[in-house]
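In what follows, a single structure is set out as structure tokens and then discussed.
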Amino acid sequence: MAKVFVPTMLQSATGGVKEVEVEARNVRQAIERLDELFPGIAGRLMEDDDIRPNLAVDVDGEVARMGLMQRISETSEIHFVPAIGGG
């Protein structure tokens, strides 16, 4: 199962849980599984059916260019991190 690391800013929504394993084929399904475990967390990760603009998703050490549709494997590690703005 894919391992999802819960960022510190969201651990209040998980009761302090820092990581969970979920069965999913893409980032959207991983968030859906998280929301099943911790109702309401999807609303803190997604906005308008996309990743919130202030967040980035890292899958296996690389930014998920395909957003919610980014494929993941059984051994993937998923991190939600603050997005870095340029300028």
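Between Ile78 and Ala2 the shortest heavy-atom distance is CD1-CB, 4.3 Å. Here the closest non-hydrogen pair linking Pro53 and Glu47 is CD-OE2, 3.8 Å. Here the closest heavy-atom approach between residue Ala24 and residue Ala30 is recorded as CB-N, 3.4 Å. Minimum heavy-atom separation, Val59 to Ala64: CG2-CB, 4.1 Å.
Taking 4.5 Å as the limit, every side-chain heavy atom of Phe38 sits out of range of all side-chain heavy atoms of Leu10. Contact of the Gln70 side chain with the Asn26 side chain is not registered, since no non-hydrogen atoms from C-beta on lie closer than 4.5 Å. Between Arg44 and Ser12 the shortest side-chain heavy-atom distance falls below 4.5 Å. Contact check for Leu45 versus Leu34: side-chain heavy atoms found under the 4.5 Å cut-off.
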Mind running side chain to side chain contact (heavy atoms under 4.5 Å, CB included) on Met46 and Ile31 for me, showing each step along the way?
CA-CA 9 Å; Met46 295 172 47; Ile31 292 173; 3.7 Å; yes

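Both Leu37 and Ile41 are members of a single hydrophobic cluster when ILVMFWY side chains are connected at heavy-atom separations under 4.5 Å. Linking Ile, Leu, Val, Met, Phe, Trp and Tyr whenever their side-chain heavy atoms come within less than 4.5 Å puts Val22 and Val17 in one cluster.
Distance check, rounded to the nearest 0.5 Å: CD of Glu23 to CD of Glu74 gives 7.0 Å. Taking CE of Met9 as the start and CZ of Phe80 as the end, the distance is 9.5 Å to the nearest 0.5 Å.
Judged as a side-chain contact (heavy atoms from CB on, under 4.5 Å), and not counting sequence neighbours, the contacts of Asp58 are His79. When the side-chain contact (heavy atoms from CB on, under 4.5 Å) test is applied to Gln11, the partners found at least two apart in sequence or on another chain are Val6, Thr8, Thr14, Lys18.
The local environment of CZ in Arg25 is sparse, with at most 12 non-hydrogen atoms from other residues, nucleotides or ligands closer than 6.0 Å. Residue-environment remark: CG (Asn54) exceeds the threshold of 12 foreign heavy atoms within 6.0 Å.
Through direct or relayed side-chain contacts under 4.5 Å between Ile, Leu, Val, Met, Phe, Trp and Tyr, Met1 connects to no other residue.
Residue Arg28 forms a side-chain contact (heavy atoms from CB on, under 4.5 Å) with just one option from Asp50, Ile51, Leu68, and that option is Leu68.
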